[in-house]
> 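Below are the structure tokens for one structure; questions will follow.
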Number of protein chains: 2
Amino acid sequence: MEALTVLADPTRRAIVEQLIEGPEDAGTIAARFPVSRPAISRHLRVLREAGLVRSETAAQRRVYHVELEPLRELDDWLAQYRSFWADRLDRLDAHLAEEN
Amino acid sequence: MEALTVLADPTRRAIVEQLIEGPEDAGTIAARFPVSRPAISRHLRVLREAGLVRSETAAQRRVYHVELEPLRELDDWLAQYRSFWADRLDRLDAHLAEEN
DNA sequence: TCTGTATGTAACACAGCAGTTACATACAAT
DNA sequence: ATTGTATGTAACTGCTGTGTTACATACAGA
């Protein structure tokens with residue numbers, strides 16, 4: 001459940017959300033945020049250590065990709081509560097709709 | 001997405017998990033943890049303010065219940081990633097199995 | 001080889017959070 | 001009324017985490 005603590009930070013959440021759109025190098029990621037580049041560098045390290053991103057080296061650039069396995073674990077944790085929600089069938093419908 | 005930050009704390013996570021089993025008063029909840037009762041009292045306040053629990057007054061006792069709506073919002077947030085996971089059909093199967 | 005570019009790390013500052021003890025409040029029961 | 005029980009709040013402490021600036025490293029290209 002480390003993903004929970006790591007994603008509690010809004011900047012890291014935003015980084016992950018952005019990387020879903022596609023891989024980006026560290027500089028491009030940092031440019032999107034109002035904080036310093038070293039701060040982003042450390043966020044990326046935290047995300048890396050939690051297995052939420054992976055980096056590939058290309059010359060000086062480090063290109064980051066998302067790695068969704070930890071989110072899946074978080075989802076599995078949530079699953080234990082899902083059965084308590086009222087309109088289960090509605091959610092299943094939504095789930096099915098999402099598949100298209 | 002406040003649920004994420006609130007549940008990042010393992011004690012609060014444990015409180016929520018316990019309350020799933022059924023409502024409990026503040027004292028009983030506190031007794032389960034190795035920290036002081038006032039510490040638990042503040043955790044309960046944080047959970048209350050995030051809408052994750054609700055309390056009902058019964059004489060001096062405050063009985064706490066879980067309130068799962070925020071977890072559902074978290075689940076909705078996760079849903080945007082779910083479609084990226086490889087074995088979608090497997091998960092749908094698991095979801096269906098869970099309904100029984 | 002030297003210069004510029006891309007990135008991570010070190011050292012430090014500051015804020016916020018979770019913990020503690022002491023105290024206040026409120027109700028029940030004798 | 002007084003005492004005991006249940007709970008929350010106040011004030012304070014210490015740690016962790018996020019931010020900053022300055023520096024190190026590494027590669028590309030002129």
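Just so we're on the same page: letters track the sequence lines, and every chain starts at 1. Since the structure is predicted, the reported quantities are computational estimates derived from the model, not experimental observations.
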> Of all heavy-atom pairs between Ser55(B) and Arg48(B), which one has the smallest distance, and what is that distance?
OG-CD, 4.3 Å

> What is the distance, rounded to the nearest whole Å, between atom CZ of Arg37(B) and atom C1' of dT5(D)?
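So the CZ-C1' distance, Arg37(B) to dT5(D), works out to 11 Å.
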
> Would you say the base of dG8(C) and the side-chain of Arg45(A) have a donor-acceptor pair closer than 3.5 Å?
no

> Are OP1 or OP2 of dG19(C) and a side-chain N or O of His43(B) less than 4.0 angstrom apart?
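For His43(B), the contact criterion (side-chain N or O under 4.0 Å from OP1 or OP2 of dG19(C)) is met.
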
> Base, sugar-phosphate alone, or nothing: which one does Ala26(A) contact when heavy atoms must sit under 4.0 Å apart?
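Result for Ala26(A) = sugar-phosphate.
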
> Specify the separation, in whole Å, of atom CZ of Arg62(B) and atom C1' of dC27(C).
11 Å

> Quick one: Glu24(A) CD to dT7(C) C1', roughly how many Å, whole number?
15 Å

> How many whole angstroms separate atom CD of Glu49(A) from atom P of dG8(C)?
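After rounding, the reported distance stands at 12 Å.
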
> Between Gln60(B) (CD) and dA26(C) (P), how many Å, whole number?
13 Å

> Report yes if a side-chain nitrogen or oxygen of Tyr64(B) is closer than 4.0 Å to either non-bridging phosphate oxygen (OP1 or OP2) of dT7(D); otherwise report no.
no

> Measure the distance from CZ on Arg42(A) to C1' on dT21(D) and round it to the nearest whole Å.
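After rounding, the reported distance stands at 12 Å.
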
> On the nucleotide dT18(D), are OP1 or OP2 found under 4.0 Å from the side-chain N or O atoms that Arg12(A) carries?
yes

> Checking side chain to side chain contact (heavy atoms under 4.5 Å, CB included) for the pair Val53(A)/His65(A): CA distance, chi angles, key distance, verdict?
CA-CA 5 Å; Val53(A) 304; His65(A) 311 253; over 6 Å; no

> When you match Ala59(A) and Ser36(A) each to their closest nucleotide on DNA chain D, which lands nearer the 5' end?
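Nearest nucleotide further toward 5': that of Ser36(A).
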
> Go through the side-chain N and O atoms of Arg12(B) and His43(B) and say whether any donor and acceptor fall under 3.5 Å apart.
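There is such a pair (donor and acceptor under 3.5 Å, judged by atom type) between the side chains of Arg12(B) and His43(B).
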
> Take atom CZ of Arg61(B) and atom C1' of dT5(D), then tell me their distance rounded to the nearest Å.
8 Å

> Once you round it to whole Å, what is the distance between P of dG8(D) and CG of Asp25(B)?
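In whole Å, dG8(D) P and Asp25(B) CG are 10 Å from each other.
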
> Measuring from atom CD of Glu17(B) to atom CG of Leu19(B), what distance do you get when rounded to the nearest 0.5 angstrom?
10.5 Å

> For the pair Arg13(A) (side chain) and Leu7(A) (backbone), establish whether a donor and an acceptor sit closer than 3.5 Å, ignoring hydrogens and angles.
yes

> Base, sugar-phosphate, or nothing for Phe33(A), non-hydrogen atoms under 4.0 angstrom?
nothing

